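Inspection log for the structure reproduced underneath, given as structure tokens.
First the proteins, then the strands, lettered A, B, ... as listed; each starts at 1. Worth saying up front: this structure is predicted, and the values here are computed from it rather than measured.
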Number of protein chains: 4
Amino acid sequence: MSKEFQSSKPIYMQIVDQVVIDILQGKQKSPEKLPSVRDMAVKMGVNPNTIQRAYGELERMNVVETRRGQGTFVIENNALLEDIKLSLQEEIIEDFINKMNKIGVKQTEIITQVHHFLNRGI
Amino acid sequence: MSKEFQSSKPIYMQIVDQVVIDILQGKQKSPEKLPSVRDMAVKMGVNPNTIQRAYGELERMNVVETRRGQGTFVIENNALLEDIKLSLQEEIIEDFINKMNKIGVKQTEIITQVHHFLNRGI
Amino acid sequence: MSKEFQSSKPIYMQIVDQVVIDILQGKQKSPEKLPSVRDMAVKMGVNPNTIQRAYGELERMNVVETRRGQGTFVIENNALLEDIKLSLQEEIIEDFINKMNKIGVKQTEIITQVHHFLNRGI
Amino acid sequence: MSKEFQSSKPIYMQIVDQVVIDILQGKQKSPEKLPSVRDMAVKMGVNPNTIQRAYGELERMNVVETRRGQGTFVIENNALLEDIKLSLQEEIIEDFINKMNKIGVKQTEIITQVHHFLNRGI
DNA sequence: GTGGTCTAGACCACA
DNA sequence: GTGGTCTAGACCACG
């Protein structure tokens with residue numbers, strides 16, 4: 001992996017999102033160990049301080065815990081993960097609705113179109 | 001306006017999308033004149049060649065016509081605009097579904113969630 | 001081969017024509033690989049961007065397909081090639097008629113003269 | 001008029017052709033006076049020596065005569081003009097046939113196609 | 001290696 | 001002024 005970040009969000013928040021998505025997808029199972037700050041920094045092509053900040057934020061969010069001398073570990077906390085999932089979901093839906101409005105699709109149409117799209121792939 | 005583009009799509013395609021959206025929204029009425037290549041380049045903070053390419057693509061799509069020494073003009077063609085709107089819509093929906101799947105929202109859930117979001121704003 | 005282009009047509013269109021003619025003549029069989037953008041640029045004595053543009057146009061015409069990191073390949077499509085041949089032919093005939101008119105040869109005379117020329121070579 | 005010459009033929013020969021065509025088309029009637037070497041040089045955007053050479057060639061061809069202190073005049077000589085017309089015509093036809101062969105049009109087809117083209121414009 | 005995109009800056013034709 | 005073409009050189013993603 002290398003540098004590929006949106007300009008809008010701070011990089012460290014994008015890394016937070018990425019780690020959370022990895023956990024939600026099961027790429028990072030709990031209570032598994034995350035890559036070290038240094039390894040992650042190389043992997044993401046950013047400064048170790050940025051990773052440090054991301055891990056700090058994840059700890060503040062109660063998603064991971066750091067154990068002195070051992071590393072950073074995913075916390076088993078399904079309720080919290082569910083909350084995070086919901087807020088990510090809300091963000092995605094909002095963005096989606098905005099884009100649809102932007103090209104002039106009325107709200108009543110949106111549901112219909114999503115239905116069509118999903119049923120087409122059956 | 002200044003530099004603010006996604007990293008995924010080529011800039012010239014993002015400009016194409018933008019112009020199409022402006023037309024769909026009536027910001028660019030037909031047969032109105034688009035900003036000149038040079039003006040648009042300044043406005044968007046990109047190289048004139050990039051605008052040239054975008055305008056060329058729009059001409060190829062039959063959305064605008066260019067008149068040598070005069071400028072680039074929107075073509076009246078509602079049927080075509082409707083087609084383009086549909087394909088933009090499809091692209092947006094597909095992107096939306098992908099993102100939702102990525103965070104682990106099942107397809108049956110997606111409809112429900114969109115419903116909830118839309119009804120909340122009433 | 002080196003720089004030797006007409007001044008009237010854009011160079012990239014002349015390259016497009018040349019590639020099409022090579023395919024029609026069987027110099028470029030399908031699905032053969034065209035020279036890389038850089039090699040072709042050296043061969044034709046032009047800038048790689050000009051070749052890129054020509055290959056892009058050929059792809060838009062469905063004459064070739066490009067595979068990222070692999071190269072540009074001729075597509076098997078005899079019907080399309082026949083269409084292109086017809087439009088090239090029309091262009092050549094129109095140019096011919098214009099030149100003949102320019103030196104004052106009447107249309108009824110043109111047929112006769114072409115006949116004479118062809119029969120002379122028997 | 002300005003610089004616009006093919007790369008294949010010497011510029012002075014292209015000017016010779018141009019003058020002959022002008023005469024054939026009646027733009028230069030005989031026994032009219034041609035522009036002075038200096039004027040023609042400016043008009044064609046070339047060095048006066050090049051025009052001088054072209055006029056010399058035209059004189060050698062017996063198409064014009066130069067009268068000391070008066071200028072260069074078209075010679076009334078219909079037979080010669082007819083000859084020149086024929087050789088120009090031959091050149092054009094040969095070029096035409098070559099191009100048609102190049103894209104794979106058989107000689108028997110050529111006549112048919114020219115017919116089609118001419119009758120279409122009726 | 002491949003093709004694809006972008007910038008910087010030039011020159012052209014047309015009006 | 002306008003759009004259209006071309007060069008030179010850079011960086012990117014993909015394989």
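In this structure, B/Met40 places its CE atom 13 Å from P of F/dT2, rounding to the nearest Å. Residue C/Glu57 contributes atom CD, which lies 17 Å from atom P of E/dG3 at whole-angstrom precision. To the nearest angstrom, C1' of F/dG3 lies 12 Å from CG of B/Leu34. The distance between atom CZ of C/Arg68 and atom C1' of F/dC12, rounded to the nearest whole Å, is 8 Å. Protein atom CG of C/Asp39 is 13 Å distant from nucleotide atom C1' of E/dG3, rounded to whole Å.
Two residues are said to be in side-chain contact when any heavy atoms from C-beta on lie closer than 4.5 Å; D/Ile21 and D/Leu88 meet this criterion. In this structure, the side chains of B/Asp95 and A/Lys99 come closer than 4.5 Å at one or more pairs of heavy atoms. Side-chain atoms of D/Ile103 and C/Gln89, non-hydrogen and from C-beta on, do get closer than 4.5 Å to each other.
A search for ring pair (Phe, Tyr, Trp, His ring centres under 6.0 Å) contacts involving B/Phe96 returns A/Phe96, not counting sequence neighbours.
A distance-only check finds a donor-acceptor pair linking the side chain of A/Lys85 to the backbone of B/Gly104 [under 3.5 Å].
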Trace of the side chain to side chain donor-acceptor pair (under 3.5 Å) decision for D/Asp22 with D/Gln18: CA-CA 6 Å; D/Asp22 284 351; D/Gln18 188 55 55; 3.2 Å; yes
Set out, in order, the CA-CA distance, both residues' side-chain angles and the distance that settles salt bridge (Lys or Arg N to Asp or Glu O under 4.0 Å) for B/Glu91 and B/Lys9, then state yes or no. CA-CA 12 Å; B/Glu91 194 183 313; B/Lys9 263 195 188 182; 2.8 Å; yes
Carefully, step by step, assess D/Ile15 and D/Val46 under the rule side-chain contact (heavy atoms from CB on, under 4.5 Å). CA-CA 10 Å; D/Ile15 292 171; D/Val46 300; 4.2 Å; yes
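At the phosphate of E/dT2, OP1 or OP2 sits under 4.0 Å from a side-chain N or O atom of C/Ser36.
When base pairs are accepted only as Watson-Crick or G-U wobble with both N-N or N-O distances under 3.5 Å, DNA chain E takes part in stems of 3 or more pairs at E:1-14 with F:1-14.
Distance from the side chain of B/Glu59 is smallest to F/dG4 among E/dT2, F/dG4, F/dT2.
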Going 5' to 3' through nucleotides 5-11 of chain F, assign each nucleotide B (protein heavy atom under 4.0 Å from a base atom), S (under 4.0 Å only from sugar-phosphate atoms) or - (no protein heavy atom that close). BBBBB--
